[in-house]
Amino acid sequence: MRDRVPPLQTLSLREQIAQMVVVRASGCLFDSQIRYPAWEPPLETLQQWISQLKVGGVIVLGGSAAEVSLRSRQLQDWAEIPLFIAADIEEGTGQRFAGATTFPPPMALSGIGDRAIAISYAEQMGATTAREAQAIGINWVLAPVVDVNNNPHNPVINIRAFGETPEIVSDLATAFLRGAQSYPVLTTAKHFPGHGDTAVDSHLHLPVVSHPIERLDAVELPPFNRAIAAGVDSVMTAHLLVPAWDTKYPATLSQKILTGQLRDKLGFNGLIVTDALVMGGVANFTDYQEVCVLAVEAGADILLMPQDPVAAIDAVEEAVQTGRISPQRIQASIERIWRAKQKILAGTTLDLSADSLLRELAQPEVKKTTREINQESLQLGGELPLSLPMEGENAENWVVVDDLLNCNFLAAHTPAIAVPKQLGYKLQLIEQHQLNLDRIPETALVQIFSRGNPFRGKAGLVPQAQEWFKLLLRQRKIVGLAIYGSPYILEELRSEFAPSLPWVFSYGQTALAQEGVTQVLWQKETRERSFSEAFI
């Protein structure tokens, strides 16, 4: 593949600008599988963008690991210039692509008491994520998150962060980087200059970080400094307004922030990649072509997910031709892109056969590590384990989620559903906003699955759900409580816990995390039973 890279001087201005564009695509192979047609182009359009327009890369989402291994080869076959193939895989490659490893959320590591052990796990997470990404053709890992999540109302960073202090975040993020750097993939520190202390989701609106420069230097910037010193390949921008540095432009569009702070003050000379340009934080700021021009003027090397790639290239090309952007500014980005692609290509000696994939993905020792992280970050209290329901008792298992259509961690066979059913509980599966005081169970096991996620717009429990849970807790109608995801949900409810209430908290929501929780809840009753039997 290396001999396919044409010399820099042979590219036209338009082709150079196209190399600065990364488009989104479905990881699935067929147009009928596309879930987000506004963002994921059909096959014919995608092939045209790659082979004729010569965009620089693709960010993939969806599909199994096996599908993505085929998809990545297909995309590279279309490209004259080897592509960046990126993915948001902050919690392991399996977070996006079924079959690969899914780790607990990064914040789980800060829940482990022994910092040295947590750092070791973070390094293993980085190495496994990079190895499995490379195995399926992904060469750009959009991780780690180095935001300091010190705002419990943050709706979008939340447990994606490694912790709530710059020291913890820096230690764990740089350990993740050490692990990932064992493999020829690119890494990314995000979201500059720090999205952790916001209560607004930048996917929807433009958050404002109003802290003075001294506070930014003390809290938000140290993890980025550490990541840069550790050799991170790229830094992703945040769609934030930071008045201490720029009262007019969001960070993604601010020359004062991307060039003045990140390039000049922090000394970063790798790739600056925008967060997705379809997000409301910048998409609502001005028209999308001007957004692309402003981002390049500010110092961005990569325009991630512009609304219309052709129009984005047109706009930047016109800005160069009219003298608004200098040719040298484009060439500086192309040189960084070339260095990054050469790094990827220098280490690409992959056997992508089916047997090779099976050797690389979700290996037993990695599953063991994942289980250990889940177990060592668990919190629990009250009188555990739970007793079995009495004969004739109307025992209910209330499983409360944020969004029923997007909870692929739950199914008939997963422990949070299967184990209570086997033990005599009747399932009640409901979204939190549907809870109301007209339906109050006599007694219930309650399991809450809630965490910060893009486009929710709010962290934590909605008011009617808070009222419902607190009433049940006060009236002692909850016989056992399991919370999966955000520790801030636990803090919202904890003042209402009776001392004897059995409760367990897990950062993870996967089947493996559920297995650990159910084992704690019913140690006596399940100790002698096989969980595989319980799932039948």
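Starting from 1, each residue takes its place in the sequence as its number.
Side-chain contact between Val208 and Val242 is absent, with no heavy atoms from C-beta onward closer than 4.5 Å. The closest side-chain heavy-atom distance from Ser486 to Ser450 is not below 4.5 Å. Leu410 has its side chain within reach of Leu429: a pair of non-hydrogen atoms, C-beta onward, lies under 4.5 Å apart. In this structure the side chain of Asp233 never reaches within 4.5 angstrom of the side chain of Thr188, judged on heavy atoms. Looking at Phe469 and Leu435, their side chains come closer than 4.5 Å, going by heavy atoms from C-beta outward. Using a 4.5 Å heavy-atom cutoff, the side chains of Leu481 and Ile448 are in contact. For the pair Leu384 and Val504, the minimum side-chain heavy-atom distance is below 4.5 Å. Counting heavy atoms from C-beta on, the side chains of Val22 and Val273 never come closer than 4.5 Å.
Atom NZ of Lys426 has 12 or fewer neighbouring heavy atoms from other residues, nucleotides or ligands inside a 6.0 Å radius. No more than 12 heavy atoms of other residues, nucleotides or ligands sit less than 6.0 Å from atom CD of Glu442. Annotation for Tyr249: atom OH does not count as buried by contact number, only 12 or fewer foreign heavy atoms lying within 6.0 Å. In His211, the NE2 atom is crowded: over 12 heavy atoms of neighbouring residues, nucleotides or ligands sit closer than 6.0 Å.
Residue Trp140 holds its CH2 atom at 5.0 Å from OG of Ser234, rounded to the nearest 0.5 Å. Rounding to the nearest 0.5 Å gives a distance of 5.5 Å between CD1 of Ile117 and CD of Glu376. Ile138 contributes atom CD1, which lies 12.5 Å from atom CG of Leu186 (distance to the nearest 0.5 angstrom). The line from CZ of Phe224 to CG of Asp147 is 5.5 Å long, rounded to the nearest 0.5 Å. With rounding to the nearest 0.5 angstrom, the CD atom of Gln434 is 12.0 Å from the CH2 atom of Trp468. Once rounded to the nearest 0.5 Å, the distance linking OH of Tyr288 with CD of Gln307 reads 5.5 Å.
Pairing each heavy atom of Ala122 with each of Leu172, the nearest pair is CB-O, 3.5 Å. Heavy-atom minimum distance, Leu521 versus Ala482: CD1-CB, 4.4 Å. In terms of heavy atoms, Thr198 sits closest to Pro207 at CG2-CB, 3.9 Å. Closest heavy-atom contact between Pro222 and Pro166: CB-CB, 4.2 Å. Counting all heavy atoms, side chain and backbone alike, Pro193 lies closest to Leu240 at CD-CD1, 4.3 Å. Considering every non-hydrogen atom in both Thr518 and Pro415, the closest pair reads CG2-O, 3.7 Å.
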**Request:** Take Tyr507 and Leu109, measure what side-chain contact (heavy atoms from CB on, under 4.5 Å) needs, and give me the verdict at the end.
**Result:** CA-CA 9 Å; Tyr507 289 92; Leu109 296 181; over 6 Å; no
**Prompt:** Does the pair Val58 and Phe84 meet the rule for a side-chain contact (heavy atoms from CB on, under 4.5 Å), with working shown?
**Reply:** CA-CA 6 Å; Val58 175; Phe84 293 129; over 6 Å; no
**Message:** Test side-chain contact (heavy atoms from CB on, under 4.5 Å) on Ile89 and Leu142; report intermediate values, then the result.
**Reply:** CA-CA 6 Å; Ile89 43 179; Leu142 299 180; over 6 Å; no
**Prompt:** Please walk me through it: do Asn397 and Gln428 pass side-chain hydrogen bond (donor to acceptor under 3.5 Å, both in side chains)?
**Reply:** CA-CA 6 Å; Asn397 173 28; Gln428 301 290 340; over 6 Å; no
**Prompt:** Under the salt bridge (charged side-chain N to carboxylate O under 4.0 Å, His left out) criterion, do Glu492 and Lys470 qualify, and how do the steps go?
**Reply:** CA-CA 9 Å; Glu492 283 183 60; Lys470 289 182 177 180; over 6 Å; no
**Stepwise side-chain contact (heavy atoms from CB on, under 4.5 Å) check, Val209 with Leu241** = CA-CA 6 Å; Val209 176; Leu241 189 67; over 6 Å; no
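Donor-acceptor pairing under 3.5 Å is lacking for the side chains of Asn151 and Asn154. Residues Glu383 and Ser500 bring no donor and acceptor atom of their side chains to less than 3.5 Å of each other. In the model, Glu132 has a side-chain atom that pairs as donor or acceptor with a side-chain atom of Thr101 under 3.5 Å. Side-chain polar atoms of Thr128 and Gln124 form no donor-acceptor pair below 3.5 angstrom. For the residue pair Gln447/Gln514, the side-chain donor-acceptor check at 3.5 Å is not satisfied. Side-chain polar atoms of Thr237 and His191 form no donor-acceptor pair below 3.5 angstrom. There is a side-chain donor-acceptor pair under 3.5 Å between Tyr488 and Asn149.
With Pro105 as reference, Arg451 is the one residue of Gln509, Gln95, Arg451 to meet the side-chain contact (heavy atoms from CB on, under 4.5 Å) rule. With Thr443 as the partner, the side-chain contact (heavy atoms from CB on, under 4.5 Å) test is satisfied by one option alone out of Lys477, Glu393, Glu396: Glu393. Results of the ring-ring contact (aromatic ring centres under 6.0 Å, His included) test with Tyr484 over Trp503, Phe409, Phe449 single out Phe449 as the only residue that passes.
Under 4.0 Å is where a charged nitrogen must lie from a carboxylate oxygen, and between Asp197 and Arg215 at least one such pair does. Between Arg115 and Asp171, at least one side-chain nitrogen of the basic residue sits less than 4.0 Å from a carboxylate oxygen of the acidic one, meeting the salt-bridge criterion. Look at Glu40 and Arg71 and you find no salt bridge, because none of the NZ, NE, NH1 or NH2 atoms lies under 4.0 Å from a carboxylate O. Comment: Glu90 engages Arg160 in a salt bridge, judged by a side-chain N to carboxylate O separation of less than 4.0 angstrom. Taking the charged nitrogens against the carboxylate oxygens, Glu491 and Arg494 do have a contact shorter than 4.0 Å, which makes a salt bridge. Under the 4.0 Å criterion applied to side-chain N and carboxylate O atoms, Arg96 and Glu91 are not assigned as salt-bridge partners.
Under the 3.5 Å distance criterion, the side-chain polar atoms of Glu431 are matched with a main-chain donor or acceptor of Leu404.
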